[in-house]
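Numbers for residues simply follow the sequence, beginning at 1.
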Amino acid sequence: EDLYSVDEDEYRTMMDINSKGPYFGSQFAAERMQESGGGNIINLSSINGDIGTKSNVVYCASKGAVRVMTYALADALGPEIRVNAIHPGMIETAQIVEDYAHLEESERQDRLETIPLGRKGRPDEIANAALFLASDLASYVTAASLTVDGGVMNCPHRASRREHDETRTTNGSETPRAVAAFDTEPRPWGPPVGFGLRLAAAREAESLSREPTYWIRATTGLRPVGRP
C-alpha cells in the first residue's frame, strides 16, 4: 500500500470490509442474541489495530476501528452480551504462504526473528483463542483484546535489534447463549481464511456452552452463514 496512491474508492472498500462489516454484523447478531437472552460476539482485528505501520496506513485505520468499536459494543450490549476482539499476528494462512513465496530465504528468516516464539502462528491457534473467548472460561471477559502474535507486540526490541545488526553488518458460572465471530479478511479465491477452523471452534464452543452457536461472515454484503 502506497500512502500517496490510495484513492477514495480503495479507502472506502477497506473500511467497508474491515469496519462496516463487523459493525452491522454485530448489530444483526446482537438483535438475535437479545431475543434468546444473551450471547458473545468475537471480532477479528489485528496487531495492526494496535500499532501503526507505514506500509499499511489504511489497513491499520480499519483494524484500529474494529478494536475501539469492540470496546464500545461491549459497553452498549452488556451485561447480557460479551464482546471481545482477537488480534492475530503473522498467521500461516494462504495469503502469508503466497507472500512468502516471493521472498528470499534470508528475508523469511529475518521476519521470523522478529517473533519471540520463532515461527508463524497456525490458524487453529486463532480458532483456539476464539474458543476460549466463546466458552465459560472467559465468562468475566468483555471489552478485551486478545493478542495472538507469538510475542511480537510486547517485544519490539527484537525488530529494532535486527535492523541494528543489519546496519552494522551491511470455568465461569454464566453460560453464553450464542456466539458470533466475524471474519473480515477478503479473499478472492473463496471463504475467508481460517473460516473452517473457526467453524470447528464454534462447534466445540457449542458443546462447551450447551447453547446454540452462530457464526456470521461479515463482508461488504452482510451474509449470515447460519449454524455450523
Q | Contact summary for I115 and G150, nearest pair of heavy atoms | A | CG2-O, 3.7 Å

Q: Locate the shortest heavy-atom distance separating P123 from I91; write the atom from each residue and the value.
A: N-CG2, 3.6 Å

**Q.** Reported CE-to-SG distance for the pair M14 and C60, which is rounded to 0.5 angstrom
**A.** 9.5 Å

**Q.** hydrophobic_cluster_shared for L137 and L146, side chain cutoff 4.5 Å
**A.** yes

Q. What is the minimum heavy-atom distance between P88 and S45, and which atoms define it?
A. CD-O, 3.5 Å

Q: Check whether any side-chain heavy atom of V97 sits under 4.5 Å from a side-chain heavy atom of E92, and report yes or no.
A: yes

**Q.** side-chain hydrogen bond (donor to acceptor under 3.5 Å, both in side chains) against Y71, all qualifying residues, sequence neighbours excluded
**A.** S145

Q | Carboxylate-amine/guanidinium contact R108 E104, below 4.0 Å | A | no

Q. Is it the case that H87 and D50 place a side-chain donor and acceptor less than 3.5 Å from each other?
A. yes

Q: Please tell me if the side chains of N84 and N43 come closer than 4.5 Å, counting only heavy atoms from C-beta onward.
A: no

Q: Enter the distance from Q27:CD to L73:CG here, rounded to the nearest 0.5 Å.
A: 10.0 Å

(Q) Run V148 and I86 through side-chain contact (heavy atoms from CB on, under 4.5 Å) and show every step you take. (A) CA-CA 7 Å; V148 187; I86 296 175; 4.2 Å; yes

Q: Give the intermediate values and the outcome of side-chain contact (heavy atoms from CB on, under 4.5 Å) for residues R82 and L77.
A: CA-CA 7 Å; R82 295 189 294 112; L77 298 174; over 6 Å; no

Q.
Looking at E10, is its backbone amide N or carbonyl O close enough to the side chain of D7 to form a donor-acceptor pair, meaning the two atoms are under 3.5 Å apart?
A. yes

Q.
Go through it in stages, so that I can follow the logic: the residues are R119 and E125, the test is salt bridge (charged side-chain N to carboxylate O under 4.0 Å, His left out), and I'd like the CA-CA distance, side-chain angles, deciding distance and then a yes or no.
A. CA-CA 13 Å; R119 63 173 177 84; E125 291 173 311; 2.8 Å; yes

(Q) Closer than 3.5 angstrom, by distance alone: can the side chain of K63 be matched with the main-chain N or O of V58 as a donor-acceptor pair? (A) no

Q) Is there a donor-acceptor contact under 3.5 Å from the side chain of T147 to the main chain of D149? A) no

Q. With distance as the sole test, does S19 use its side chain to make a donor-acceptor pair with the main-chain N or O of D16 at under 3.5 Å?
A. no

Q. From N40 CG over to T142 OG1, what is the distance, rounded to the nearest 0.5 angstrom?
A. 8.0 Å

**Q.** Over all atoms of both residues, closest heavy-atom pair of P22 and M69
**A.** CB-CE, 3.6 Å

**Q.** Shared hydrophobic cluster, V68 / Y23 (ILVMFWY, side-chain heavy atoms < 4.5 Å)
**A.** no

(Q) With rounding to the nearest 0.5 angstrom, report the CE to OG distance, M33 to S26. (A) 8.5 Å

Q) Yes or no on side-chain contact (heavy atoms from CB on, under 4.5 Å) for T114 and L112, after CA distance, side-chain angles and deciding distance? A) CA-CA 5 Å; T114 67; L112 291 179; over 6 Å; no

Q.
If you define the side chain from C-beta out and look only at heavy atoms, does anything of M90 sit under 4.5 Å from V152?
A. no

Q: Evaluate salt bridge (charged side-chain N to carboxylate O under 4.0 Å, His left out) for R12 paired with E8, printing each intermediate quantity in order.
A: CA-CA 6 Å; R12 183 183 299 111; E8 189 171 346; 3.1 Å; yes

**Q.** L133 versus A85, closest heavy-atom pair with distance
**A.** CD1-O, 4.4 Å

Q.
Quick check on the hydrophobic clustering: are I51 and V57 connected, directly or via other members, by side-chain heavy-atom contacts under 4.5 Å?
A. no

(Q) So, taking the atom named CG in N48 and the one named CG in N18, what distance separates them when rounded to the nearest 0.5 Å? (A) 10.5 Å

Q: For the pair K20 and M15, evaluate side-chain contact (heavy atoms from CB on, under 4.5 Å) and give the outcome as yes or no after the intermediate values.
A: CA-CA 6 Å; K20 182 179 177 180; M15 298 302 289; over 6 Å; no

Q: Hey, could you give me the OG/CD1 distance between S36 and I81, rounded to the nearest 0.5 Å?
A: 8.0 Å

